[in-house]
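Below: one structure, written as structure tokens.
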Amino acid sequence: MNDKSILSLFAKRDEQGIREANRAYGGLLRTVAMHILGDSRDAEECVSDTMLKAWNSIPPAKPKYLRAYLAKLTRNIALNRYESEHAQMRGGGEIPAALDELAECVPAQDNTERILDRLALTAALDDFLKALPAQHAKIFMRRYFTLMDAGEIAAELEISENTVKSVLRRTRAKLHDFLEKEELL
Amino acid sequence: MKEQDLLHAIGQVSEETVNKTALPDAANLDSDAHPERVTAKSKKPIKQTKKRAINVHAGAAAAVVALCVALNAAIFYGVAKLRSTEDSGMTPGMQLSDEVQDMDLPYIEVLDAASNSVTIVLHNLSEDDMNRWNPINYDVFEVWQDGASVAICDYAVARGEDEERTYTYHFSALPNGTYELVNIVKDKNGEETDPIFAPVTFEIDTEQDGMVFIPDYTGQDFEKAKQEILSKGMYVDKRSAFDTEVPEGCIISMDGGEQGAFGSEGMWLLPGDYVRIVVSLGVNEETVPLPDYIGEQFDEILTEAQELGIAVEKKTVNSAEPEGTILKMTDGSDNELEAGADIAKDSVVVMHVSTGTEKVIVPNLVGWDVDTAQMTAEGLELYVIIEEANDSASAGKVIAQSIEPNTEVQSRGVLVLTVSNGQG
């Protein structure tokens, strides 16, 4: 069933929409949640929460790419769950490693007040990703959005793990420069 | 900012970006499979092609790479040239380019060329090159012929759907011939440095179907233009119109009939085609009083205005007025016109018409986590402002919203979400 049909079931408040969304994207969403939480039962609950939030938000929300909309919801839910379970965000799953890597993009000592222009940062990230070569953007987002590890990315994109790591390193350096230039650090 | 903020922000980028970049292909996932199995299943053997290339040069790999770097201009030139011709009968060339591709050396592939543009794909940019490659700021292509620059490309990009990037560069129209696309790289100080790509040759051959190039004569004397067009074996279809700006006897506009309007560079037409030319009769002494259309619906007054001899143009403006409402009338130079003013017959009146705004119903977002609430509200085209407050609710939960739930508001309005910091 395509996105349009699923969305129209949501619009008609037909719960079959949830089953169809789960059939189409459940596996993907479980993978996303699994990478963050590292536990299949937690991941399963995350997917259920995603479906509930999607059910409550569509309509009024009108996602253009249902797959991406659901994946964003799952990622948020999983990340929040992770944070509440690990106060310091250090523990199992892929999060600690990803955070260590992303620390390269932000200043070592953060003395600025925690007033963050979230919209500006998100918009800037979007610009940054659009300006990257497509393959580099895929590698970066598979690592830091979907939290896949370098080995999985290499296998999926059929490139070597070293290439993945080297692209990630370069892209983080670029992101650091970019955020500095955009005065978002 | 902390790395946690960055990790969260990455989760908020647009759906389009997520869809295109973040998610592994569904083909590699079995939606009903257990997560662990999904991960294991997606592991595929790494493509062997690169290894083959390395094996070929095993032992002497460093020397080969060094040699290639030294000879890169020559090799690239050859490869690029061969690749640009898209001739399938080029086995030796293809072998060479395969090796170059496997060695990850950058090259340009020309997909298409027109009289005023060339579309290329950039292959094998290394990370080093990528760091130097910034087409927006200081990298540029020039079109050369016989060793001299004949046109500078404007920056233009259409992003490729797949792994490679496709760019279309525009330049002022050039006659048919063989050209080179030359990469000029400047550093941040504007100094020219080594190019990333060697030049690639391409052909402009727009006359292959016997097409004739007619330049744009807009604003120029009609009689002179007519002679030139007739001398190329084309016909001229003359129309006349009053115009307050273009002097009498000069050309207001040109089009190629069914081929559409002329671009500023001109147009390629089939020999024997008509070139339709509108010639100015100068200012019409006759005047008409401009009716008061402000507040009226554009669609309802259009016919009447045209019958009165007003050349109506429509300009849409964002406004809360209902869609189609005329807000303002101006002349072609953006001077406001008052109702009742005498205007020259056939002169342009620009109607500023409201686009209206869509109404949306604000959902109840209290109790949601802030990211999901923000996404939902932004999906409704509301601007979201987030404020933190001391509250006992768990951090990141929305505790208040500035617009009551289920209120109908204009889209593109501002919604303030108050979020708990968990320290109440």
Side-chain angles (χ1 to χ4, degrees), chain A residues 23-28 30-31 34 40 43 53 57 60-65 67-69 71-73 75-76 79-80 84 89 98-99 102-103 105-106 110 116 118 121-122 125-126 129-130 133-138 141-142 144-146 152 154-156 158-160 166-167 170 174 184-185, chain B residues 1-26 28-36 38-39 42-44 46-47 50 125 127 130-131 136 159-165 360-361 363 369 371-372 374-376 379-380 384 386 394 396:
Chain A
R23 184 172 303 161
Y25 300 118
L28 174 71
R30 265 188 288 279
T31 312
M34 187 67 195
S40 55
K53 285 214 158 115
S57 60
K62 290 178 256 180
K64 220 160 116 196
Y65 303 95
R67 167 177 112 109
Y69 183 85
K72 283 172 78 173
L73 280 175
R75 187 183 185 273
N76 286 336
L79 207 52
N80 287 334
S84 62
M89 286 185 85
L99 279 176
L102 286 175
C105 304
V106 299
D110 189 9
L116 186 63
R118 301 167 57 110
L121 178 61
T122 304
L125 278 172
D126 241 336
L129 291 165
K130 285 198 178 107
Q135 179 80 330
H136 293 199
K138 275 187 187 171
M141 287 294 277
R142 277 161 162 77
Y144 300 114
F145 183 97
T146 313
E152 289 172 295
E156 196 235 341
E158 302 187 349
I159 50 179
S160 80
S166 126
V167 168
R170 295 280 187 164
K174 266 197 211 174
L184 286 164
L185 285 188
Chain B
M1 179 167 66
K2 291 201 165 62
E3 54 267 35
Q4 282 90 340
D5 298 323
L6 197 54
L7 192 68
H8 274 283
I10 290 168
Q12 297 297 331
V13 299
S14 68
E15 278 164 38
E16 191 184 350
T17 305
V18 171
N19 191 45
K20 226 179 215 173
T21 62
L23 306 175
D25 286 338
N28 291 337
L29 293 169
D30 181 347
S31 63
D32 292 325
H34 197 259
E36 283 89 343
V38 171
T39 325
S42 67
K43 303 233 184 219
K44 279 190 198 161
I46 291 169
K47 212 159 109 185
K50 293 215 168 102
L125 282 176
E127 285 96 73
M130 271 322 297
N131 288 339
I136 302 166
R159 183 173 173 168
E161 283 294 319
D162 300 321
E163 275 121 53
E164 307 291 351
R165 303 188 87 191
V360 293
I361 295 174
D369 66 83
D371 291 332
T372 316
Q374 183 184 3
M375 252 178 71
T376 308
L380 291 165
V384 177
I386 291 163
S394 60

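What you see is a predicted model; the values in this text were computed from it and never measured. Chain A is the first sequence line, chain B the second, and so forth, proteins listed ahead of strands; every chain is numbered from 1.
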Give the minimum heavy-atom separation between Tyr69(A) and Ser57(A), together with the two atoms involved. OH-OG, 2.8 Å
So, does Lys72(A) use its side chain to make a donor-acceptor pair with the main chain of Val13(B) at under 3.5 Å? yes
With distance as the sole test, does Asn19(B) use its side chain to make a donor-acceptor pair with the main-chain N or O of Ala68(A) at under 3.5 Å? no
Is it the side chain or the backbone of Leu23(B) that comes within 4.5 Å of chain A heavy atoms, both, or neither?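 For Leu23(B), heavy atoms of backbone and side chain both lie under 4.5 Å from chain A.
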Report which part of Asn80(A) has an atom under 4.5 Å of a heavy atom belonging to chain B: side chain, backbone, both, or neither.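 Side chain only.
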Which region of Arg142(A), side chain (C-beta onward) or backbone (N, CA, C, O), has a non-hydrogen atom less than 4.5 Å from a non-hydrogen atom of chain B, or is it both or neither? both
I need the Ile361(B) CD1 to Leu380(B) CG distance, nearest 0.5 Å.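 Taking CD1 in Ile361(B) and CG in Leu380(B), the distance rounds to 9.5 Å.
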